[in-house]
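These numbers were taken from a predicted model, which means no experiment stands behind them.
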Amino acid sequence: MNSKSPIGVFDSGLGGISVLHTMHSLLPNENLIYLGDGKYNPYGTKTKEEITKRCVAICDELICHDVKAIVIACNTATSACVKLLREKYDVDIIGMEPALKVACDRGEHQRIAVWATQLTLSEKKFANLMNRFKGEHHIIKVPCPELVRMVEDNKLDDAYLVESCLKEYLAASDYKNLDSIVLGCTHFPFYTKYLEKLCPNVHIIEGSVGTTLHTKDLLEQKGLLNTSCEEGQITWMNTMDSKIELSKCLFKKLEVEL
């Protein structure tokens with residue numbers, strides 16, 4: 001392992017591509033491996049034991065590729081087993097959690113909706129996070145399973161379908177009285193342009209920048225940050241080969257939109 005070794009990034013499917021895109025943008029010299037678990041998607045409806053089994057199998061595969069760090073680009077997987085993965089592997093394991101603190105830091109008495117999978121919202125990890133802030137802020141939990149499925153089924157360009165679904169979740173969030181929506185699933189940043197249109201006065205927050213900067217800090221501390229002048233390469237992997245081309249298309253979609 002050295003500074004040119006890749007960073008492994010994985011998700012239950014395609015959502016983590018939003019994290020991968022941020023990492024490639026902010027750490028352009030880093031080599032990245034993206035592994036989507038399309039065959040076993042979604043994680044949000046599975047048990048912790050099932051998710052843990054999949055995450056161990058994926059991390060074993062990434063370790064075989066000599067990764068210098070592993071980013072769990074999935075809030076659900078982080079909630080289910082990040083502690084176990086950190087105990088099992090010698091490389092840094094970087095997880096994700098809904099960026100609730102960012103939303104709360106915007107001012108006093110914030111009204112915030114957290115959109116995520118049911119498992120993320122029901123886990124103790126999120127309960128502990130929410131307990132830190134709910135005394136001073138009004139926080140609404142909104143499970144949004146259909147937003148995961150539409151990304152995986154390549155429905156993002158069906159504006160009528162997407163907006164109809166988003167309007168339902170916005171209504172459940174009482175969005176006209178919100179200050180911000182925290183996107184607590186890595187599939188959800190793909191809906192940012194729609195949300196900005198549907199609720200322009202609500203601040204949309206997601207956590208990939210914080211995750212990327214934390215990864216950078218950990219690599220710097222170990223002398224593993226890639227400081228070469230060469231642009232890093234992205235290696236695409238998926239437990240369903242048919243998802244690889246769609247993965248690349250979604251990455252390019254973010255390039256265009258951002």
Heavy-atom distance under 4.5 Å between the side chains of [X] and [Y], does that happen here?
{"X": "L20", "Y": "W236", "result": "yes"}
{"X": "T120", "Y": "C185", "result": "no"}
{"X": "C165", "Y": "M150", "result": "yes"}
{"X": "W115", "Y": "L166", "result": "yes"}
{"X": "R106", "Y": "I112", "result": "no"}
{"X": "L27", "Y": "L32", "result": "no"}
{"X": "Y191", "Y": "I204", "result": "no"}
{"X": "L183", "Y": "L195", "result": "yes"}

Taking atom types as modelled, is there a side-chain donor on [X] or [Y] under 3.5 Å from an acceptor on the other?
{"X": "Y89", "Y": "D60", "answer": "yes"}
{"X": "N131", "Y": "K134", "answer": "yes"}
{"X": "T239", "Y": "D37", "answer": "yes"}

Looking at [Y], is its backbone amide N or carbonyl O close enough to the side chain of [X] to form a donor-acceptor pair, meaning the two atoms are under 3.5 Å apart?
{"X": "D179", "Y": "Q110", "answer": "no"}
{"X": "Y194", "Y": "V162", "answer": "no"}
{"X": "Y34", "Y": "G16", "answer": "yes"}
{"X": "T235", "Y": "I33", "answer": "no"}
{"X": "Q118", "Y": "G44", "answer": "no"}
{"X": "H187", "Y": "G15", "answer": "yes"}
{"X": "T186", "Y": "A73", "answer": "yes"}
{"X": "N29", "Y": "T227", "answer": "no"}
{"X": "R111", "Y": "H138", "answer": "no"}
{"X": "E152", "Y": "L14", "answer": "yes"}

Between [X] and [Y], what is the shortest heavy-atom contact and its length?
{"X": "S18", "Y": "L254", "result": "CA-CD1, 3.7 Å"}
{"X": "R86", "Y": "G95", "result": "NH2-N, 3.7 Å"}
{"X": "C199", "Y": "L170", "result": "SG-CD2, 3.9 Å"}
{"X": "K101", "Y": "D105", "result": "NZ-OD2, 2.7 Å"}
{"X": "P143", "Y": "Y169", "result": "O-CE2, 3.5 Å"}
{"X": "F10", "Y": "C55", "result": "CE1-SG, 3.8 Å"}

Sequence neighbours excluded, which residues qualify as side-chain contact (heavy atoms from CB on, under 4.5 Å) partners of A80? K48, I51
For V209, side-chain contact (heavy atoms from CB on, under 4.5 Å) partners two or more places apart: T22, L26, L213
Rounded to the nearest 0.5 Å, what's the gap from [atom1] on [X] to [atom2] on [Y]? Could you check?
{"X": "M23", "Y": "T212", "atom1": "CE", "atom2": "OG1", "result": "5.0 Å"}
{"X": "D11", "Y": "T76", "atom1": "CG", "atom2": "OG1", "result": "8.5 Å"}
{"X": "S79", "Y": "E97", "atom1": "OG", "atom2": "CD", "result": "8.5 Å"}
{"X": "L219", "Y": "I94", "atom1": "CG", "atom2": "CD1", "result": "6.5 Å"}
{"X": "L85", "Y": "D92", "atom1": "CG", "atom2": "CG", "result": "13.0 Å"}
{"X": "N31", "Y": "E231", "atom1": "CG", "atom2": "CD", "result": "10.0 Å"}

Working for side-chain contact (heavy atoms from CB on, under 4.5 Å), residues V91 and M1: CA-CA 10 Å; V91 301; M1 183 195 306; 3.6 Å; yes
Shared hydrophobic cluster for [X] and [Y] (ILVMFWY, side-chain gaps under 4.5 Å):
{"X": "L224", "Y": "L218", "value": "yes"}
{"X": "V114", "Y": "L119", "value": "no"}
{"X": "M237", "Y": "I70", "value": "yes"}
{"X": "I205", "Y": "F188", "value": "no"}
{"X": "V19", "Y": "V67", "value": "yes"}

Does a side-chain N-to-carboxylate-O contact under 4.0 Å join R54 and E50? no
Residues 245-252, side-chain donor-acceptor partners within the protein, below 3.5 Å, at least two apart:
from	atom 1	to	atom 2	distance (Å)
S247	OG	K243	O	2.8

[X] [atom1]: over 12 foreign heavy atoms closer than 6.0 Å:
{"X": "N128", "atom1": "CG", "answer": "yes"}
{"X": "K125", "atom1": "NZ", "answer": "yes"}
{"X": "Q233", "atom1": "CD", "answer": "no"}

Test of understanding: with salt bridge (Lys or Arg N to Asp or Glu O under 4.0 Å), list the residues that count as partners of K193, not counting sequence neighbours. E257
Which residues share a salt bridge (Lys or Arg N to Asp or Glu O under 4.0 Å) with E108, sequence neighbours left out: none
Does the side-chain contact (heavy atoms from CB on, under 4.5 Å) test come out yes or no for T117 and Y43, once each step is laid out? CA-CA 9 Å; T117 66; Y43 282 1; over 6 Å; no
Test: salt bridge (Lys or Arg N to Asp or Glu O under 4.0 Å). Region: residues 153-166. Which pairs qualify, not counting sequence neighbours? R149-D153, D157-K253, E163-K197
With E30 as reference, evaluate K216, K68, K4 under the side-chain hydrogen bond (donor to acceptor under 3.5 Å, both in side chains) test and give the passing residue. K68
